[in-house]
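Sharing a structure here in structure tokens format.
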Amino acid sequence: MGAAPDPKLAAMISGAGGNPLLIVELVQGLREEGSVEISHERARLLDERIPRRVRDLAQHWLDSLSDKARQLVQVAAAVGGSFMVVEVASMLRETTASMLPALNETIASGLLICPGEQTVFQHELVRRSIADALPAAVRQALRQDVSALRRQHCLQVPMPPEFLVTGGRPAGTPVPGSTDAPAPLPAPAPLPASSKEPGIVHRLLPALLMARSTRTEPLPLGLADELRASLTAVLQAHYADAELTGTADAPLAERADRITRNTVSLFADGVQRATTRARAILATHQGRDDEADAVTATVVMSNLEWAVGNLAEGLRWGQRAVRCLGPATPPMWSPYVRLALATKLSDIGRFEEAEGLISTARTEAEALGQPHTATPSIARAMLLLQSSRLQEAQDSARAGLEVAAKTGGGWVVPVGQAVLILVALRRGDLASAADYAWRCRAAVGADSTVFPSIHFDWGECLVATAQLGARRTAELLTTTYAHLLTSPQLFVEEAAAAAWFVRLALAADDMPLASTVVTAAERFAAANPGRPTLAVAALHARGLLERDSEALRQAAREHVSPCAGALAEEDLGILLSAQEEKNGALGAAALRSALQRFVQIGSQGDIERIRAFMEEHGTPVTSAPRQGRPATAGWEALTETERSIAHLVSDGLTNRQVARRVSLSPHTVNYHLRAIFRKLGIGSRVEVARHITHSA
């Protein structure tokens, strides 16, 4: 459309969950029905009704289901964006077991996904379309039915915010100055002492401990209640097993309840509230810093300080949290407390220390069971990416994602996908990077345990740049991605981010944008003295802005990140090459050196960019072999999307069936299929199956 969407239109588009077909149908439908107005390169939504194109597509998908599966989807759509299968089964007078075939059918169709205990719609637009097709009276009746069902089973018990931190007070004791009494918690179901995976705990607690920022809204009531019940059971079992009851001032059940309430309170909707709650929890602990809620509060303080750029404080709190681990800390806490510190050490280039913590955490996670092993793999993938070990980063991310897919660790999936986005971009595989980007965004929307991460937006921004070019992306940096320009979190986690923004701004002739980024990077470095990684990143950005060859040379020499160092040397080479009469030979030497560094990393996208520049300027490439050039034929030449399509085609699926599985249009699947035929040197779908069978 050649225009930036206004907030309402952007929100509506987000309901497509990143599905390209749904987005195209939505935008075309809005234009056809006159529901969007374009003025001054801005697209404004005039009517929030879902266009007929999208409603017809949703109905087509619904019609392809069996009667029972269609009924399940219609009831679930009326209930809301997420639901528990037992709820819908009860409303349909069915058992959960009898609903499984229909549930499996809807999941195979791509309409629903099960990232954990909750089942959710893959695309909110589709859910709304299906719900809106039901008569209003039917929708209202279904919603009343599920509300009554949830009240009956205590799935929604509100807890006022003032009672989230109760300190040492017994449950039910009012906070001084309050006139209300807290609603009682439902008694948790008894669990055996050996139980290690009580429902939601192994998903939400790790998400909290590993988060770099807070949630933007409170936990949904049903999720919070489920977490409280499960946490209470975990704590009671641990304290009973560890024979720690006698060390507490309160009985076992009361103690577990207090710690549970404090821990859940840390899932706050905003930095200030989370910080206040964490400090309040720590103030109540005297001599028992290894209590579960105290350890959690300490990690949260570390994460919050890190997110706003107070690195010394973030490290101090993180190291304190690791030291606090003790007999009163349940085993499930330990690996994530170590991993939270490890990721921070990796951010500032202390890779060996981070590797040691990750190794210890992996051992602890393996003792807890498979669901816990995904996070160490994803954390190590981030470390490997930051140290420019691309193949290892990809392998580690995929290993973690495979475990998460099997065990319901949905919160970590977008982080792993973000690693794969950045690896694919470094390798010059834009198609796979774009595919990972929309899958990442879909995963963020599908799982309520996902915390915000700067990696998601950063990966999307890089993909947008590769697709749209410098000038268009510079415009996006003043709207969609404006928060990235001054993000302490991004600048510390991505060593070359500030320089990348400056390079983009200069290419778009936007000097104010470049100056804004340099100023932000220098302020951040000045606020964190003794962190050389930040100082050299700011130096790199300033060198680009002021065309300072000495600053770029120093940055190329001192960057801890191999990729960032190579980029600085490339910038130096381009600058010197522009001064051909005086420094042409020096520029060529710097470019060859940068090229060789990228060859060693295996960063094919960077290799091809430098080669293209050198060939355009007549600079001979003599010292860098063409190692790592991607295959142009055979299975290795296929992108991730093409490989997925090839496997589905070999299973006998039609283009339309494949399109549903990979969330593309049949036309796009056909395009990919022709590319598969060309790269494999074949001419039919049968030969695809033969090729895969032979390779296996």
For the residue pair R55 and D132, establish whether any side-chain heavy-atom pair is separated by less than 4.5 Å.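 No, too far: nothing below the 4.5 Å cut-off.
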Closest contact, heavy atoms only, A508 versus R471: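 Looking at all heavy atoms of both residues, the closest pair is O-NH1, 3.4 Å.
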To the nearest 0.5 Å, what is the distance between CD (Q74) and CG (L62)?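 Taking CD in Q74 and CG in L62, the distance rounds to 5.0 Å.
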Between S66 and E105, does any side-chain donor sit less than 3.5 Å from a side-chain acceptor?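 Yes, E105 and S66 have a side-chain donor paired with an acceptor closer than 3.5 Å.
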Inter-residue atom distance L513.CG - L504.CG, 0.5 Å rounding: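 Output value for this atom pair is 7.0 Å.
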State plainly whether the residues E402 and K406 are in salt-bridge range, i.e. N to O under 4.0 Å.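 Yes, E402 and K406 are salt-bridged.
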Do you know the tightest heavy-atom contact between I421 and A437?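 The answer is CD1-CA, 3.5 Å.
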Taking the side chain as everything from C-beta on, heavy atoms only, tell me whether V24 gets closer than 4.5 Å to L21.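 No, their side chains stay 4.5 Å or more apart.
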Within the 4.5 Å heavy-atom criterion, are Q657 and L648 side-chain neighbours or not?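 The answer is no; the side chains never approach within 4.5 Å.
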Donor-acceptor check, side chain of D457 to backbone of L484, threshold 3.5 angstrom: yes or no?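 The answer is no, because no donor-acceptor pair under 3.5 Å joins these two groups.
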Identify the two heavy atoms, one from I130 and one from A77, that lie closest to each other, and give their separation to 0.1 Å.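 So the two residues come closest at CG2-CB, 3.8 Å.
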Could you tell me whether the side chains of Q122 and R127 share a donor-acceptor contact shorter than 3.5 Å?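 The answer is no; no qualifying pair exists.
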So, T373 versus Q370: side-chain donor-acceptor pair below 3.5 Å or not?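 Absent: no donor and acceptor within the cut-off.
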Main-chain N/O of L227 paired to S230 side chain as donor or acceptor, under 3.5 Å: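 No.
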Give me the atom names and distance for the closest heavy-atom approach of T263 to L208.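 In this case the closest contact between T263 and L208 is O-CD2, 4.3 Å.
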Note: E33-R52 ion pair, threshold 4.0 Å (strictly below):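 So E33 does not pair with R52 through a salt bridge.
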Contact between I113 and I107 at the side-chain level, heavy atoms closer than 4.5 Å - yes or no?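 Not in contact.
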What verdict does the side-chain contact (heavy atoms from CB on, under 4.5 Å) test give for F501 and L477, after you've listed the backbone C-alpha separation in whole Å, the side-chain angles of each residue and the deciding distance to 0.1 Å? CA-CA 9 Å; F501 285 132; L477 286 175; 3.7 Å; yes
Short question: side chain of R44, backbone of V36 - any donor-acceptor pair under 3.5 Å?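 Not a single qualifying donor-acceptor pair exists.
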If you measure from the Lys or Arg side-chain nitrogens to the Asp or Glu carboxylate oxygens, is any gap between E642 and K679 under 4.0 Å?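 Salt bridge flag = yes for K679 with E642.
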With distance as the sole test, does S377 use its side chain to make a donor-acceptor pair with the main-chain N or O of A399 at under 3.5 Å?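 No: the side chain of S377 does not pair with the backbone of A399.
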Could you give me the CA-CA distance, side-chain angles and deciding distance for V688 and H691, then say whether side-chain contact (heavy atoms from CB on, under 4.5 Å) is met? CA-CA 5 Å; V688 173; H691 182 93; 5.7 Å; no
Considering only heavy atoms from C-beta outward, does the side chain of V419 approach that of V423 to under 4.5 Å?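 The answer is yes, as the side chains (C-beta and beyond) meet within the 4.5 Å cut-off.
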Output yes when a side-chain donor or acceptor of H123 lies under 3.5 Å from a complementary backbone atom of A16, and no otherwise.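 Yes, because the side chain of H123 sits within donor-acceptor range (under 3.5 Å) of the backbone of A16.
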With a 4.5 Å heavy-atom cut-off, do V463 and L430 have their side chains touching?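 Sidechains of L430 and V463: in contact.
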Could you check I13 against L26 for side-chain contact (heavy atoms from CB on, under 4.5 Å), going step by step and ending with a plain yes or no? CA-CA 8 Å; I13 291 172; L26 172 64; 4.0 Å; yes
For the pair W635 and H647, name the ring-plane relationship: parallel under 30°, tilted 30 to 60°, perpendicular over 60°.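 Perpendicular.
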Any salt bridge linking E687 with R690? Criterion: basic side-chain nitrogen under 4.0 Å from a carboxylate oxygen.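 A salt bridge is absent here (no side-chain N lies under 4.0 Å from a carboxylate O).
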Are more than 12 heavy atoms, taken from residues, nucleotides or ligands other than R49, located less than 6.0 Å from that residue's CZ atom?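 No - once you tally the heavy atoms of other residues, nucleotides and ligands closer than 6.0 Å, there are 12 at most.
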Shortest non-hydrogen contact between A397 and L420, atoms and distance: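 Smallest heavy-atom distance, with atoms named: CB-CD2, 3.9 Å.
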Does a donor on one side chain and an acceptor on the other come within less than 3.5 Å for Q71 and D67?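 Looking only at side-chain atoms, D67 and Q71 do not form any donor-acceptor pair under 3.5 Å.
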N/O donor-acceptor pair under 3.5 Å between S35 side chain and R31 backbone: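 No: the side chain of S35 does not pair with the backbone of R31.
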Can you tell if the side chain of L112 reaches within under 4.5 Å of the side chain of V120, non-hydrogen atoms only?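 A side-chain contact under 4.5 Å is absent here.
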Quick one: does S129's side chain have a donor or acceptor within less than 3.5 Å of a partner on L125's backbone?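 At least one qualifying donor-acceptor pair exists.
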How long is the span from the CG atom in L46 to the NZ atom in K8, to the nearest 0.5 Å?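 Reported to 0.5 Å precision, the distance equals 9.5 Å.
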Compare all side-chain heavy atoms of P135 with those of V138 and state whether any distance is below 4.5 angstrom.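 Heavy-atom side-chain distance check passes, below 4.5 Å.
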Please round to the nearest 0.5 Å and tell me the distance separating atom CG of L401 and atom CD1 of I378.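 Going from the CG atom of L401 to the CD1 atom of I378 covers 4.5 Å.
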Quick one: pull up CZ in F267 and CG in L204 and give me the separation to the nearest 0.5 Å.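 Answer for the CZ-CG pair, F267 versus L204, is 4.5 Å.
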Minimum heavy-atom distance between F451 and F456, given as atom pair plus value: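 What the structure gives for the nearest pair is O-CE1, 3.7 Å.
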Whether the side chain of R70 engages the backbone of L65 through a donor-acceptor N/O pair (distance < 3.5 Å, no angle test) should be reported.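 Here the side-chain-to-backbone pair exists.
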side-chain contact (heavy atoms from CB on, under 4.5 Å) between W458 and L422, worked out: CA-CA 9 Å; W458 173 240; L422 299 175; 3.9 Å; yes
In Å and rounded to the nearest 0.5 Å, what is the OG to CG distance from S684 to L673?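 Going from OG on S684 over to CG on L673, the span is 9.5 Å.
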Side chain R139, main chain L134, donor-acceptor under 3.5 Å: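 Side chain of R139 to backbone of L134, a donor-acceptor pair under 3.5 Å: yes, one is there.
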Within the side chain of T375, is there an N or O that forms a donor-acceptor pair under 3.5 Å with the backbone of H372?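 It does not hold such a pair.
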